[in-house]
Amino acid sequence: MASLIFVMSHSLFRRLSLISATSIALFLVGCDGDDPTTARSQYLGGVYGNQPVSSSAPQDSVSYWDGDGVSGKPSIKISLGEQKAYFYKSGQLVGISQLSTGREGMGTTTGSFKIIQKDQNHVSSQYGDYVDSADNVVVANVDVGKDPKPPGTHFKGAPMPYFMRIVGGTGMHAGYLPGYPASHGCIRMPEFMAENFFRNVSVGT
């Protein structure tokens, strides 16, 4: 088995000690403390879900970023089985993000891909809510191509901040993470991780 040797900070070493080297297997695609890299870590419920995050929601103890000031060619590996994304710079692991990928019947496409679009304030053109003229939700979680629009409403696309398109309508973006695969195929991430990934990739990565 090949081994990887990293020069790393103490905090990064502590996190990597919990990760098996054999766990990084799949390329993918589809749709609290005093450490500043984890201080903004959210509950997996995130801020884009339709339900409030309860005190019993699973906490994100996985996501961290240690890539600022590290140079090198960026690459990302995503494990659908682990629901994690691994960010590398010239082969050095600099961040891991918790994910929620495509749910059953809408699985995230597997393969090797390049980022083909970046849009910091992306809004879905297919999934969202039907809202009235006062922006009140009348029908939530609709597919505009399948769900009939009630009279007097209009479609409001779901926000997908820090969108990084990979193939078709699928990309990585900040979104709701309930602790299991739940998306329409996209790769949802905590917002602070989506922002870090977004800042450190280019079209073609």
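Excluded from the calculations below are hydrogen atoms, water molecules and symmetry mates; all remaining heavy atoms, backbone and side chain alike, are included. FYI, the numbering just counts along the sequence from 1.
- The ring pair (Phe, Tyr, Trp, His ring centres under 6.0 Å) contacts involving residues 127-151 comprise Y127-H184, where partners must be two or more places apart or lie in separate chains.
- Here the side chains of D129 and V139 are not in contact, with every heavy-atom distance at 4.5 Å or above.
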For residues 196-205, which side-chain donor-acceptor pairs fall under 3.5 Å, sequence neighbours excluded?
residue	atom	partner	partner atom	Å
N196	OD1	R199	NH2	2.4
N196	ND2	F192	O	3.0
N200	OD1	K89	NZ	2.8
N200	ND2	N196	O	2.8
T205	OG1	S202	N	3.0
T205	OG1	S202	O	2.9

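- A donor-acceptor pair is defined here as one N or O able to donate and one able to accept, closer than 3.5 Å; no such pair exists between the side chain of T101 and the backbone of P181.
- When every heavy atom of V142 is checked against every heavy atom of D147, the shortest pair comes out as CA-OD2, 3.2 Å.
- A donor-acceptor pair under 3.5 Å is absent between the side-chain atoms of D132 and the main chain of T153, judged by distance alone.
- Side-chain atoms of S124 do not come within 3.5 Å of backbone N or O of G157 as any donor-acceptor pair.
- Applying the salt bridge (Lys or Arg N to Asp or Glu O under 4.0 Å) definition to pairs two or more places apart or across chains, those involving residues 148-167 are D135-K156.
- Across all their heavy atoms, V138 and P150 have their closest contact at CG1-CG, 4.4 Å.
- When atom types are taken as modelled, the side chain of S63 and the backbone of S97 share no donor-acceptor pair closer than 3.5 angstrom.
- Residues V167 and Y162 share a single hydrophobic cluster, defined by chaining ILVMFWY side chains whose heavy atoms lie under 4.5 Å apart.
- The heavy-atom pair separating D60 from Q98 by the smallest distance is OD1-CB, 3.7 Å.
- Partners of D119 under the side-chain hydrogen bond (donor to acceptor under 3.5 Å, both in side chains) rule, at least two apart in sequence or in another chain, are H122.
- Interatomic distance, I96 CD1 to E82 CD, rounded to the nearest 0.5 Å: 8.5 Å.
- For N121, there are no side-chain hydrogen bond (donor to acceptor under 3.5 Å, both in side chains) partners at least two apart in sequence or on another chain.
- In this structure the side chain of I187 reaches within 4.5 angstrom of the side chain of T108, judged on heavy atoms.
- The NE2 atom of H173 lies 12.0 Å from the CD atom of E191; values are rounded to the nearest 0.5 Å.
- Inter-residue side-chain proximity for L93 and Y86 is flagged as met; some heavy-atom pair is nearer than 4.5 Å.
- Put simply, CD1 on I115 and CZ on F163 are 10.5 Å apart, with the number rounded to the nearest 0.5 Å.
- To the nearest 0.5 angstrom, L99 atom CG is 9.0 Å from M172 atom CE.
- Among residues at least two apart or in separate chains, there is no ring pair (Phe, Tyr, Trp, His ring centres under 6.0 Å) pair with a member in residues 92-112.
- In summary, the side chains of S100 and Q83 do not present any donor paired with an acceptor at a separation below 3.5 Å, with no hydrogens or angles considered.
- Hydrophobic clustering places I76 together with V70 (ILVMFWY residues linked when any side-chain heavy atoms are closer than 4.5 Å, directly or through intermediates).
- No continuous path of hydrophobic side-chain contacts links V137 to Y176 [ILVMFWY only; heavy atoms under 4.5 Å].
- Taken from OG in S75 to NZ in K73, the straight-line distance is 8.0 Å, to the nearest 0.5 Å.
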